[in-house]
Amino acid sequence: MGKSILSKKFFLDKANTVAPKLLGKTLVRKVGSRTLYLIIIETEAYLGSHDLASHARFGKTKRNYVMFKDGGHWYVYFVYGMHWLLNIVTGKIGSPSAVLIRGGILLSKNSRWIDGPGKITKVLKINGSLTGRPSLKKSGLWIEDWGIRIERIKKSPRIGVGYSGKWAKKLLRFTVKDVSGRLKRLTQRT
DNA sequence: GCAGTGATCATA
DNA sequence: ATGATCACTGCC
């Protein structure tokens with residue numbers, strides 16, 4: 001079973017298709033001489049300008065212009081005066097959609113569960129300098145497929161979008177069931 | 001439960 | 001220029 005980098009094609013689909021497919025994929029972050037690995041276990045899809053929970057609802061702005069690019073670019077933005085949030089743009093050029101990466105398992109000799117999008121960027125040392133860059137090795141941040149199979153995926157409403165009316169209720173948050181079991185196995189592997 | 005923190009967007 | 005809001009976190 002090889003470890004292949006996800007190609008641009010993977011991200012050209014709709015955000016609600018890409019988001020569950022990202023579960024079990026590995027986010028790879030190279031910073032200096034260190035390489036960090038995070039198995040993605042929680043994502044959310046943001047669909048387009050009609051999605052009233054999405055930044056795309058404002059049309060194209062200085063912040064969100066990256067969402068209008070074709071799939072496979074990073075969209076990183078700053079919220080609440082403190083936190084960077086990491087998204088991967090999805091879809092064809094001009095369709096402003098993206099997937100927010102919200103949770104994962106950080107691999108180390110004591111692998112741990114990182115639950116929350118602001119914590120992910122903190123541990124992986126990600127900030128706005130990556131926004132607009134492609135998901136490729138040369139960017140220092142990319143996604144690989146290690147052949148990890150996710151059998152059971154839970155769908156639930158997205159977090160923190162209560163202002164968006166009916167869009168707050170849509171099941172666009174995707175999580176891996178039995179995360180603690182996976183964590184245990186990954187920890188024992190070392 | 002809610003304070004912290006500052007960019008962003010709407011309004012003007 | 002101003003003010004409300006925010007795809008959050010950590011501590012009460």
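All chains are named by letter (A, B, ...) in the order of the sequence lines, taking the proteins before the strands, and each is independently numbered beginning at 1. It should be emphasised that the depicted structure is a prediction, and the values quoted were computed from it without experimental measurement.
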So, for A:Ile143 and A:Phe11, which heavy atoms are closest and what is the spacing to 0.1 Å? CD1-CZ, 4.1 Å
Give the minimum heavy-atom separation between A:Leu124 and A:Leu106, together with the two atoms involved. CD2-CD1, 4.1 Å
Send over the distance from A:Asn127 CG to B:dG6 P, rounded to a whole Å. 16 Å
Mind checking who shares a hydrophobic cluster with A:Leu172, ILVMFWY linked at side-chain heavy-atom distances under 4.5 Å? A:Leu47, A:Leu52, A:Trp167
Could you tell me if the side chain of A:Leu85 sits less than 4.5 Å from the side chain of A:Tyr77, heavy atoms only? yes
What are the two closest heavy atoms between A:Lys69 and A:Val89, and how far apart are they? O-CG1, 3.4 Å
Connected via hydrophobic side-chain network under 4.5 Å: A:Leu22 and A:Val179: yes
Below 3.5 Å is the cut-off: list the nitrogen or oxygen pairs between protein and nucleotides 1-5 of chain B, distance only.
unit_1, atom_1, unit_2, atom_2, d
B:dT5, O2, A:Tyr80, O, 2.5

Verify the distance criterion only: is there a donor paired with an acceptor across the side chains of A:Ser129 and A:Asn127 at less than 3.5 Å? yes
Sugar-phosphate only, base, or nothing, as touched by A:Leu85 at under 4.0 Å among non-hydrogen atoms: sugar-phosphate
Length of the line joining A:Leu86:CG and C:dC8:P, which is rounded to integer Å: 13 Å
Kindly write out the residues that satisfy salt bridge (Lys or Arg N to Asp or Glu O under 4.0 Å) with A:Lys8, not counting sequence neighbours, or none if the list is empty. A:Asp70
Any side-chain N or O of A:Arg102 less than 4.0 Å from the OP1 or OP2 oxygen of C:dC8? yes
May I ask you to decide if the ring planes of A:Tyr37 and A:Trp146 are parallel, tilted or perpendicular, using 30° and 60° as cut-offs? tilted
Interatomic distance, A:Ile114 atom CD1 to A:Ile101 atom CD1 [nearest 0.5 angstrom]: 13.5 Å
Dot-bracket for DNA chain B, 5' to 3', with Watson-Crick and G-U pairs under 3.5 Å, [ ] for crossing pairs and | for other-strand pairs: what is it? ||||.||||||.
Starting at atom CH2 of A:Trp84, determine the distance to atom C1' of C:dC6, rounded to an integer number of angstrom. 14 Å
Of all the heavy-atom pairs spanning A:Arg102 and A:Ile120, show the shortest one and how long it is. C-CD1, 3.5 Å
Could you write out each protein N or O paired with an N or O of nucleotides 10-12 of chain C at a distance under 3.5 Å?
none

Within a radius of less than 6.0 Å around NZ of A:Lys170, do more than 12 heavy atoms belonging to other residues, nucleotides or ligands occur? yes
Does A:Tyr163 use its side chain to pair, donor to acceptor, with the backbone of A:Ala53 at less than 3.5 Å? yes
Taking N or O atoms only and anything under 3.5 Å, show me the protein contacts with nucleotides 8-12 of chain B, one pair per line.
unit_1, atom_1, unit_2, atom_2, d
B:dC9, OP1, A:Thr61, OG1, 2.7

Between C:dA7 atom C1' and A:Glu44 atom CD, what is the distance in whole Å? 6 Å
